[in-house]
2 protein chains.
Amino acid sequence: MVVIPVGASRRQRARAATFEEIKNTALDLMREQGTTDVRFTDIARVMGMTPPALYRYYADRDELLTDLITDGYRHLGDAIAEALEAVDPKDIGGRWVAAASAYREWARSEPQQFALVLGMPVPGYVAPDEGPTTEAAKGAMSQLAALFVDAATSRKLRKPLVCDVSPGVADCAHDKHPELDGVVPTESFQAMLQAWASLHGIVSLEAYGHLDWFEPKARDALFLSHIEMVAKAAGLPTSSRS
Amino acid sequence: MVVIPVGASRRQRARAATFEEIKNTALDLMREQGTTDVRFTDIARVMGMTPPALYRYYADRDELLTDLITDGYRHLGDAIAEALEAVDPKDIGGRWVAAASAYREWARSEPQQFALVLGMPVPGYVAPDEGPTTEAAKGAMSQLAALFVDAATSRKLRKPLVCDVSPGVADCAHDKHPELDGVVPTESFQAMLQAWASLHGIVSLEAYGHLDWFEPKARDALFLSHIEMVAKAAGLPTSSRS
DNA sequence: CAGAAAAGTTATGGCGCTTAACAAACACTA
DNA sequence: TAGTGTTTGTTAAGCGCCATAACTTTTCTG
């Protein structure tokens, strides 16, 4: 990731701008070609440069991909956060719908970046510090976790559809998300993971075109009823507008 | 896809065997390198041939990929069918667990092939005849559909957690799966799709390593409780062993 | 056995990634 | 203002892989 220097010199600002231009060009090409496979040559050509010039910014193609991945999961997190801000904090059900819809919209609008972040890991990609990949999961999840905490503290969190929890899951809940301890019951932590998985499933299928045999309006309806089902199964209150 | 000739000449059998060897070598390399990106050069080297020889069998790399994709979704379907055969047809809940577990095991054992079939579509891949990609979805789904038909005819299918169905979804149910008409209610058809999506979600996350922060045993438990939740939400009877 | 078909080989071109060597632009200092 | 070092870009070149062409060897068939 590239840190944008605020009080930086002219050169540093130019350099930062070039980093951004490279990444944006790469994303444009990915969108245009429907692939996560970007050619350095093409990026350089679009930018009006020669390919070797890019090596002043990235050591190799994998380093650019890594940067795009870390950017990607931050954008996903931001999209969700932004959607959440637009909803009354009291309206837990509405917040769930907003977050899930943001997740979906981001995946639909940026399927390649979505695939980079949450699809099959790219081979050359080395995960620094426990891995942004894992961070992506935890980042998206932490907002979900916050939702469950809110629901629990405001006593709107019902028991999930399945309450059997194995010790392994309980241990993991304690280890990885200690902020939930004493607030969100273990069975709700499990339900939260399953809500995320269920959401991710329908979003993945749609983003990769496996639901194209549906009319767009039917897909919308299917998605909305899906996340309503997920909310019910997880014990979240359903949207206040219904 | 390569049709295996039964009463074929020596040469035809040799050719078919070479096709199989190419595909198996490609899959081995994919497993070994953790990529769907296979080099013709490497395949040839492992097979003790020169790269151009492979062009007697596949016009280009994309054609091999297409073959692997169509093979892949057939293998997935077979794995599910095989798992289903081992369970008492009366035990709807057990059959759901078996099918879902087979889906999971296949994805875990062949993550690259799973990514090819149900991940982001590969760019050069042209879908013949409405597309194997869509066929993959429908193929896996038709077995799910059969499960719901069985459940409905034996009166074990309860109402799903969400019963609101939009006209678009109902139309699609009628158009694409007429075999369900009059047997499986539309809300159950919708629930079936959502069950598949939910299953796919947790399987994708696990196959791509996004649940690696769980202990293996915890992942198993999470998966089992997930599909139990999904079954409940869809109105399927839960496994008879519980 | 002869000729055709199939399968494989070497030779070759093209393209993309990447490094090396060089040139121009820029910034800082005397 | 001139000089010097850094940054950013260029051209040249090597390597590897995809793919085609032309040629050779093997295998089938009449």
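Letters A, B, ... mirror the listed sequences (proteins, then strands); counts begin at 1. Quick caveat, the model's predicted, so the values are computed rather than measured.
Of the side-chain N and O atoms in A:Thr50, one or more sit less than 4.0 angstrom from OP1 or OP2 of D:dT10.
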Going 5' to 3' along nucleotides 15-21 of chain D, which nucleotides have protein heavy atoms under 4.0 Å from the base (write B), which only from the sugar-phosphate (write S), and which from neither (write -)?
--SSBB-
Nucleotide-resolved protein contact map, nucleotides 23-30 of chain D, B/S/- at heavy-atom distance under 4.0 Å:
----BS--
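B:Phe40 is linked by a ring-ring contact (aromatic ring centres under 6.0 Å, His included) to B:Tyr55, counting only residues two or more places apart in sequence or in another chain. For the side chain to side chain contact (heavy atoms under 4.5 Å, CB included) test, residues two or more places apart in sequence or in another chain that qualify with B:Pro52 are B:Thr50. A search for side chain to side chain donor-acceptor pair (under 3.5 Å) contacts involving B:Glu32 returns nothing, not counting sequence neighbours. For B:Glu179, the side chain to side chain contact (heavy atoms under 4.5 Å, CB included) partners at least two apart in sequence or on another chain are B:Ala145, B:His177. Residues passing the ring-ring contact (aromatic ring centres under 6.0 Å, His included) test with A:Phe114 are A:His200, sequence neighbours excluded. Remark: A:Asp60 pairs with A:Asp62, A:Glu63 by the side chain to side chain contact (heavy atoms under 4.5 Å, CB included) rule, at least two apart or across chains. With sequence neighbours excluded, the residues forming a salt bridge (charged side-chain N to carboxylate O under 4.0 Å, His left out) with A:Asp28 are A:Arg31, listed by chain and number.
When the C1' atom of D:dT8 is taken as reference, atom OH of A:Tyr58 falls 16 Å away, rounded to whole Å.
Identified under the salt bridge (charged side-chain N to carboxylate O under 4.0 Å, His left out) test for residues 198-211 of chain A, with sequence neighbours left out: A:Arg104-A:Glu206, A:Arg108-A:Glu206, A:Glu206-A:Arg219. Identified under the salt bridge (charged side-chain N to carboxylate O under 4.0 Å, His left out) test for residues 40-51 of chain A, with sequence neighbours left out: A:Arg39-A:Asp42, A:Asp42-A:Arg45.
Nucleotides of DNA chain C lying under 4.0 Å from heavy atoms of chain B occupy a range whose first and last members, 5' to 3', are C:dA5 to C:dA11.
Taking the six-membered ring wherever Trp is involved, the centroid distance between the rings of A:Phe148 and A:Phe189 does not fall below 6.0 Å.
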